Amino acid sequence: MLLTYLYGLQDVFMFNKRIKIRELLNQPADGREVTVMGWVRTFRNNQFIALNDGSTNTNIQVVLELGKFDDVLLKRLTTSSSIKVVGHIIPSQGKGQQMEIKAAHVEILGDADAEKYPLQPKKHSLEFLREIAHLRFRTNTFGSVFRVRHALAFAIHRFFHEKGFVYMHTPVITASDAEGAGEMFRVSTLPLDNPPRKEDGTIDFSQDFFGKATNLTVSGQLEGELAATALGEIYTFGPTFRAENSNTTRHLAEFWMVEPEMAFYDLEDNMNLAEEFIRYIIRFVLENNREDLDFLAQRLDEEEKQLPMDKRSDMGLIQKLEFVVNNRFERITYTEAIDILLQSPAYKKKKFQYDVKWGIDMQSEHERYLVEKHFQKPVIVTNYPKDIKAFYMRQNDDGKTVAAMDILAPGIGEIVGGSQREERFDRLTGRMLEMNIPADELWWYLDTRRFGTVPHAGFGLGFERIVLFVTGMGNIRDVIAFPRTPKNAEF
RNA sequence: UCCUCAGUAGCUCAGUUGGUUAGAGCAUCUGACUGUUAAUCAGAGGGUCACUGGUUCAAGUCCAGUCUGAGGAGCCA
């Protein structure tokens with residue numbers, strides 16, 4: 001029975017006789033017969049097909065001998081039509097490529113009406129491509145972006161796996177509104193037009209699906225801490241939702257976040273891990289996606305040529321990534337950061353729009369100055385004033401600061417935010433009281449401090465922000481397949 | 001949410017102090033050519049000038065509102 005089934009599958013999987021273009025290009029042009037399948041990028045001169053199958057940005061040139069193929073077939077070889085080609089690989093007579101396929105058979109798998117297909121073999125604006133996000137994968141830029149995105153995701157799992165971390169799937173739907181990480185999306189099955197109400201007129205969520213008000217998660221951290229204080233070292237990597245009305249190049253309403261959480265780690269351990277982690281995943285991409293990075297670097301170069309000299313970056317994309325891999329991040333305390341800002345020429349010349357003094361939550365302009373002007377590399381800032389940080393961060397002995405650490409990256413800003421967590425029950429509940437965090441709703445979180453509490457730490461990394469940094473793209477909406485932003489949930 | 005800028009052909013954009021039938025390049029279609037590299041050459045078709053209202057003899061152009069997009073800010077990852 002199983003055998004018949006498998007034999008049946010063999011027929012179904014005949015397509016797997018095909019060779020991927022990425023693989024084909026590394027083989028000798030020895031006249032062998034091969035089968036390739038892909039999408040037509042351009043068809044020149046009624047003879048030359050530039051064929052792409054998504055395995056690489058490099059197209060394979062398929063040559064159709066004049067007069068050998070039916071005119072009706074030739075007419076159907078339009079941009080983005082899909083085809084199967086059987087032919088022989090030979091050294092190319094033309095100049096632009098080493099190898100080409102002399103076609104014996106060409107079969108149309110799917111037509112693409114040239115009058116209606118929106119992509120042309122030319123430059124398109126990223127804004128236009130965003131409007132046709134379902135088709136933009138078929139461009140070189142987005143092919144590279146999404147292969148790099150994949151490689152980063154894979155490298156993240158590999159890094160933590162090698163270190164013995166356990167991958168946790170924390171819930172997407174949560175009942176606690178206490179995390180304070182921003183506006184939340186309500187999850188409800190109650191009728192919007194006529195929800196049940198309590199006597200005082202407020203909505204009666206006891207009749208809702210979960211019997212209480214629920215939202216989409218804004219962070220898996222609190223649940224992550226529960227797992228870490230038993231399994232030791234865990235990480236989450238999942239979708240995260242913020243209902244903030246943010247319209248910027250670095251915010252999404254739905255994004256992916258990586259949140260490791262480690263028992264028996266202090267702030268120093270936390271920083272060391274975060275830095276090693278970022279270096280590791282960037283090195284992985286440098287080693288495994290060089291062709292895509294080269295393409296993206298070239299794209300960025302051309303884009304920057306449009307800018308005035310003073311707006312251009314000093315380093316190319318590859319240089320920038322190699323620099324991050326090969327150099328220690330700068331580590332300073334918040335207090336030192338404020339001192340640097342106060343002594344900066346920018347401050348003395350009153351270039352900052354916002355005032356600088358100890359206690360402020362640093363503005364973008366301040367972070368950019370530190371990272372892009374003063375240090376010109378990623379900077380880890382530690383020990384922030386407690387009043388501008390979350391309730392769960394460990395209170396330092398000075399009574400003023402907490403054991404927080406933010407990693408700031410050139411061009412992106414905050415890429416990692418983390419801290420050593422407050423493991424002392426009294427300190428934690430005391431801070432919750434001061435900050436009006438309802439302790440009763442978080443009884444389960446506090447139980448970790450009641451029973452066998454341990455020093456622990458963790459951080460969150462915005463996945464799309466690291467993809468932005470690595471690909472050199474300018475807008476976060478161009479490094480996620482189908483961006484969700486205010487007024488946009490298309491596709 | 002705030003500030004600034006923008007919305008004209010499928011795409012990228014021009015359109016003067018308001019003035020007759022709104023243009024170009026690319027793409028598309030037709031034909032020619034054929035070792036091309038975003039092929040080339042010739043011709044053709046293609047427009048609710050974002051939407052609504054107003055000013056005016058006359059609005060793509062001026063005014064108001066709305067919608068959408070971009071950049072910056074805030075919030076943050």
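Below, chain A is the first sequence line, B the second, and so on; all start at residue 1. Because the structure is predicted, anything quoted here is derived from the model rather than measured.
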Polar contact flag, side-chain donor to acceptor under 3.5 angstrom, A:Ser419-A:Arg421: yes
Sugar-phosphate only, base, or nothing, as touched by A:Phe459 at under 4.0 Å among non-hydrogen atoms: nothing
Distance, C1' atom - from B:U12 to B:G69, rounded to whole angstrom: 16 Å
Watson-Crick/G-U partner (both atom distances under 3.5 Å) of B:C76: none
Working for salt bridge (Lys or Arg N to Asp or Glu O under 4.0 Å), residues A:Lys163 and A:Glu276: CA-CA 11 Å; A:Lys163 288 203 165 292; A:Glu276 185 187 350; 3.2 Å; yes
Who pairs with B:C33 - Watson-Crick or G-U, where each distance is under 3.5 Å: none
C1' spacing across the pair B:C29 / B:U68, given as an integer number of angstrom: 32 Å
For atom CG of A:Leu119 and atom P of B:U28, their distance in whole Å: 12 Å
Protein-nucleotide distance (A:Phe43, atom CZ; B:A39, atom C1'), rounded to Å: 12 Å
Aromatic ring pairing A:His150/A:Phe154, orientation class (parallel under 30°, perpendicular over 60°, tilted between): parallel
Sugar-phosphate, base or nothing in reach of A:Asp406, heavy atoms under 4.0 Å: nothing
Touch class at under 4.0 angstrom, heavy-atom based, for A:Ile415 against every strand present: sugar-phosphate
Check: A:Phe146 ring centre within less than 6.0 Å of A:Phe137 ring centre: yes
A:Glu244 (side chain) donor-acceptor with A:Glu183 (main chain) under 3.5 angstrom: yes
Euclidean distance for P, B:G35 against B:U16 (whole angstrom): 46 Å
A:Ser364 vs B:G74: side-chain N/O to OP1/OP2 distance below 4.0 Å: yes
Pairing nucleotide - B:U16, Watson-Crick or G-U, each distance under 3.5 Å: none
Nearest-angstrom distance, P atom, B:G65 to B:U4: 12 Å
Any-strand Watson-Crick or G-U partner of B:C51, both distances under 3.5 Å: B:G65
Pair partner, B:G46 [Watson-Crick or wobble, under 3.5 Å]: none
Rounded distance in Å between the P positions of B:U36 and B:U17: 48 Å
Ring-ring centroid check A:Tyr369 A:Tyr347, cutoff 6.0 Å: no
Mutual orientation of the aromatic rings belonging to A:Tyr384 and A:Tyr334 [parallel < 30°, tilted 30-60°, perpendicular > 60°]: tilted
Nucleotide B:U36, atom C1' - distance to CD1 of A:Ile60 in whole Å: 15 Å
A:His251 side chain, from C-beta outward: closest of B:C75, B:C29, B:A38: B:C75
Ring center gap for A:Phe352 and A:His366 short of 6.0 angstrom: yes
Any donor-acceptor N/O pair under 3.5 Å between B:C75 base and A:Ser246 side chain: yes
Paired nucleotide for B:G25 [Watson-Crick or G-U wobble; both distances under 3.5 Å]: B:C11
Side-chain N or O of A:Arg44 closer than 4.0 Å to phosphate OP1/OP2 of B:A39: yes
Nucleotide nearest A:Lys487 (side chain, heavy atoms from C-beta), chosen from B:G69, B:G71, B:U36: B:G69
Whole-Å C1' distance, B:G19 and B:G25: 28 Å
Counterpart base for B:G71, defined by Watson-Crick or G-U wobble contacts under 3.5 Å: B:C3
Criterion ring-ring contact (aromatic ring centres under 6.0 Å, His included) against A:Phe165, the qualifying member of A:Phe160, A:Phe237, A:Phe277: A:Phe160
Base-pairing assignment for B:A58 (Watson-Crick or G-U wobble, both under 3.5 Å): none
Inter-nucleotide P distance (B:C51, B:A59), Å rounded: 15 Å
Rounded distance (Å) that lies between atom P of B:G69 and atom CD1 of A:Ile132: 16 Å
Side chain A:Gln61 and base B:U36 donor-acceptor under 3.5 Å: yes
Steps toward salt bridge (Lys or Arg N to Asp or Glu O under 4.0 Å) verdict (A:Asp387, A:Arg431): CA-CA 10 Å; A:Asp387 291 332; A:Arg431 194 76 188 119; 3.4 Å; yes
Comparing A:Thr248 and A:Thr78 on RNA chain B - which has the more 5′ nearest nucleotide: A:Thr78
Protein-to-nucleotide contact annotation, 5' to 3' order, nucleotides 43-50 of chain B [B base; S sugar-phosphate only; - none; under 4.0 Å, heavy atom]: --------
Shortest side-chain distance from A:Gln363, nucleotide among B:C75, B:U28, B:U36: B:C75
Interatomic distance, A:Phe241 CZ vs B:C75 P [rounded to whole Å]: 24 Å
Among B:C75, B:C29, B:U37, the one nearest A:Gln97 by side-chain distance: B:U37
Sugar-phosphate, base or nothing in reach of A:Glu464, heavy atoms under 4.0 Å: nothing
Touch class at under 4.0 angstrom, heavy-atom based, for A:Thr240 against every strand present: nothing
Validation row, ring centre A:Phe159 to ring centre A:Tyr280 under 6.0 Å: yes
Touch class at under 4.0 angstrom, heavy-atom based, for A:Val416 against every strand present: sugar-phosphate
Whole angstrom value for the distance that separates P of B:U37 from CG of A:Asn140: 18 Å
Ring pair (Phe, Tyr, Trp, His ring centres under 6.0 Å) pairs, two or more places apart, involving residues 68-120 of chain A: none
Between B:A14 and B:A22 - C1' atom distance, rounded Å: 11 Å
Sugar-phosphate only, base, or nothing, as touched by A:Arg477 at under 4.0 Å among non-hydrogen atoms: sugar-phosphate
5' precedence on RNA chain B between A:Ile476 and A:Asn46 (nearest-nucleotide basis): A:Asn46
Expected output: side-chain A:Asn52 to main-chain A:Thr56 donor-acceptor under 3.5 Å: yes
Footprint string (nucleotides 2-15 of chain B, 5' to 3'): B base within contact, S backbone only, - free, heavy atoms under 4.0 Å: --------BBS---
Euclidean distance, atom CE of residue A:Met393 to atom C1' of B:C76 [Å, nearest integer]: 12 Å
Rounded distance in Å - CZ (A:Phe48) to P (B:U40): 14 Å
Any donor-acceptor N/O pair under 3.5 Å between B:G35 base and A:Glu100 side chain: yes
Touch class at under 4.0 angstrom, heavy-atom based, for A:Arg130 against every strand present: sugar-phosphate
Nucleotide nearest A:Ala114 when distance is taken to its side chain, options B:A70, B:U28, B:G72: B:U28
Mutual orientation of the aromatic rings belonging to A:Phe491 and A:Phe482 [parallel < 30°, tilted 30-60°, perpendicular > 60°]: tilted
